[in-house]
Amino acid sequence: MSAPLRTVEEQLHDVLAAVDPTATESVPLTDATGLTLAEDVRARVDVPVFDNSAMDGFAVRHADVAGAGPDSPVVLRVVADLPAGTGEQPALAEGEAVRIMTGSPVPRDADAIVPFEETAGGLDDSLERATVLRAPRAVGAHIRRRGEDLRAGDVVVSSGTLLGPLQLSAAAATGVDRVVVSQPPRVVVVSTGSELADPGADLRHGQIPESNGTLLAGLVRAAGAELVRVARVSDEERELRELLAETADADVVITSGGVSAGAYEVVKNVLGGEISFTKVAMQPGKPQAFGRLTTGALLFGLPGNPVSVAVSFEAFVRPALLAAQRRAELHRPLLRLPAAVGWRTPPGRRQYVPAAIDRTDPGRWTVRPATRGGSGSHLAGGLAQAEAYAVVPADVEQVAAGDQVDVMLVS
Ligand SMILES: Nc1nc2c(c(=O)[nH]1)N[C@H]1C(S)=C(S)[C@@H](COP(=O)(O)OP(=O)(O)OC[C@H]3O[C@@H](n4cnc5c(N)ncnc54)[C@H](O)[C@@H]3O)O[C@H]1N2
Ligand code: MOO
């Protein structure tokens, strides 16, 4: 009798328990896109930095113009002009206004802004007088208050966040110019198999184009890791041994192929004594190898079938690469969608089906298998149509059209 299959959760638990976070470093904002924040960013200044105008117009005392209307215009004397960037802080007496541009500091004595459009003269007649035709709706109208967005010292971006343009611009807006990030884990990808030829090469009978290297290289980079090397070895044990000896400075080594039950399982033969080979209750991706090499690098030995590689990466490798970067959210977003068609599922194994989403009706997306042959782990071409995985629990035997299915978005 073979050992019972491990659950995906049990395998993932062991994987995450083995992950060491990478070193941290301080980098300028311009170099931080795609990296993961390792320390909270706190605002250095208030946002807005000072009370400022939201409109081009006049800073006024609300009480002076509270009764203004088209039939009862109020004429104010303009005593100063405030372009953006000015350091001036003019005083305002009763009956006075200051011409002000969007973003300029509001004088202390003013408590409302009247846009040019609500005056008789507009911009053209704005340096001597303001003829106000409509009262501002309230005290504070069109004034953006100091600190209403963030106060100095507030957390702007939390540790564990993936840094993109929105997060980095928010940090810049609070006067921060550098952030502390996790260094990307260094990853080596190794495709194993004597049947593999470079994509584009002429094939003799028995050979196939190598595609897992391309798949894993892209997935590794998209997970924010540094791709150090992509290599291919045959099923000769010596080749894999020599290659592994050259990966001393890698944090993670990912192999594909050579982990199941055949006669030439090169990963199993070379590493069988060093790392553990298990069977996980998932389809595809049942045979999995995982452990630590003597160099300290984590090794993921993924099954060779291309769909198995893609699914195993999502289930185990991507969460590990994100954990190494201290990413707060390790998992892809899940949606629940009705199945457009039915399909069979394997008994006792969680199924991951490469899936396409029909978005024709924005209020009712549906999901269907992306590959014509269903869930076959060898259907590498159908991966091109996939943008998600339908994830079906181990105890479900059949998905019927209309059933609600968990869908993991990967694009
Ligand atoms: N007797 C058993 N046989 C198999 C079992 C089993 O439990 N008992 N498990 C099956 C399952 S499930 C899988 S998945 C595969 C995993 O096999 P390996 O990890 O040993 O992978 P290979 O045999 O090397 O390759 C499998 C398949 O994928 C193709 N391949 C491999 N590498 C690449 C690559 N870089 N690019 C494109 N295609 C690749 C390879 O040619 C094979 O067709 O084992 C089952 N067998
Ligand atoms: O579990 Mo295998 O990974 O079916 O292809």
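Start at 1 and go down the list; that is how both ligands and their atoms are numbered. Predicted model only: the values in this text are computed from it and were never measured.
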- Item | Greater than 12 external heavy atoms within 6.0 Å of R145's CZ | yes

- Message: If we ignore hydrogens and angles and just use 3.5 Å, is the side chain of E210 paired with the main-chain N or O of G213 as donor and acceptor?
- Response: yes

- Query: Looking only at heavy atoms, is any part of R349 under 4.0 Å from ligand 2, and if so is it the side chain, the backbone, or both, or is it neither?
  - Reply: side chain

- Message: Applying salt bridge (Lys or Arg N to Asp or Glu O under 4.0 Å) as the test, list every pair that has at least one member in residues 33-49; sequence neighbours left out.
- Response: D46-R146, D46-R151

- Task: Within a distance under 4.0 Å of any heavy atom of K286, pick out the atoms of ligand 2 and give their elements.
- Result: 1 (O), 3 (O)

- Report yes or no: does E387 contribute a side-chain atom to a donor-acceptor pair with the main-chain N or O of I357 at less than 3.5 Å? yes

- Do the side chain of R186 and the main chain of D249 share a donor and acceptor less than 3.5 angstrom apart? yes

- Task: List the closest protein heavy-atom neighbour of atom 5 (O) of ligand 2: residue, atom name, distance to the nearest 0.1 Å.
- Result: S377 OG, 2.6 Å

- Query: Under 4.0 Å from any heavy atom of N305, which atoms of ligand 2 are there?
  - Reply: 5 (O)

- Going by the order shown, which atoms of ligand 2 are within less than 4.0 Å of some heavy atom of S308? 2 (Mo), 3 (O), 5 (O)

- Note: R229-E246 ion pair, threshold 4.0 Å (strictly below): yes

- Note on the structure: Closest to atom 3 (O) of ligand 2 by heavy-atom distance, out of G304, S260, G285, is G285

Enumerate, one pair per line, all nitrogen or oxygen atoms of ligand 1 lying under 3.5 Å from a protein nitrogen or oxygen, stating the separation to 0.1 Å; write 'none' if no such pair exists.
residue: ligand 1; atom: 17 (O); partner: S260; partner atom: OG; Å: 3.1
residue: ligand 1; atom: 19 (O); partner: G258; partner atom: N; Å: 3.4
residue: ligand 1; atom: 19 (O); partner: V259; partner atom: N; Å: 3.3
residue: ligand 1; atom: 19 (O); partner: G304; partner atom: N; Å: 3.0
residue: ligand 1; atom: 20 (O); partner: G258; partner atom: N; Å: 3.2
residue: ligand 1; atom: 20 (O); partner: V259; partner atom: N; Å: 3.1
residue: ligand 1; atom: 20 (O); partner: S260; partner atom: N; Å: 3.1
residue: ligand 1; atom: 20 (O); partner: S260; partner atom: OG; Å: 2.9
residue: ligand 1; atom: 20 (O); partner: E265; partner atom: OE1; Å: 2.9
residue: ligand 1; atom: 21 (O); partner: G258; partner atom: N; Å: 3.4
residue: ligand 1; atom: 21 (O); partner: G304; partner atom: N; Å: 3.2
residue: ligand 1; atom: 24 (O); partner: G258; partner atom: N; Å: 3.2
residue: ligand 1; atom: 28 (O); partner: G304; partner atom: O; Å: 3.3
residue: ligand 1; atom: 28 (O); partner: N305; partner atom: N; Å: 3.3
residue: ligand 1; atom: 28 (O); partner: N305; partner atom: OD1; Å: 3.4
residue: ligand 1; atom: 30 (N); partner: G304; partner atom: O; Å: 3.4
residue: ligand 1; atom: 32 (N); partner: N212; partner atom: ND2; Å: 3.4
residue: ligand 1; atom: 35 (N); partner: E210; partner atom: OE2; Å: 2.8
residue: ligand 1; atom: 35 (N); partner: N212; partner atom: ND2; Å: 3.3
residue: ligand 1; atom: 36 (N); partner: S211; partner atom: N; Å: 3.0
residue: ligand 1; atom: 36 (N); partner: N212; partner atom: N; Å: 3.3
residue: ligand 1; atom: 41 (O); partner: E195; partner atom: OE2; Å: 2.6
residue: ligand 1; atom: 44 (O); partner: S260; partner atom: OG; Å: 3.2

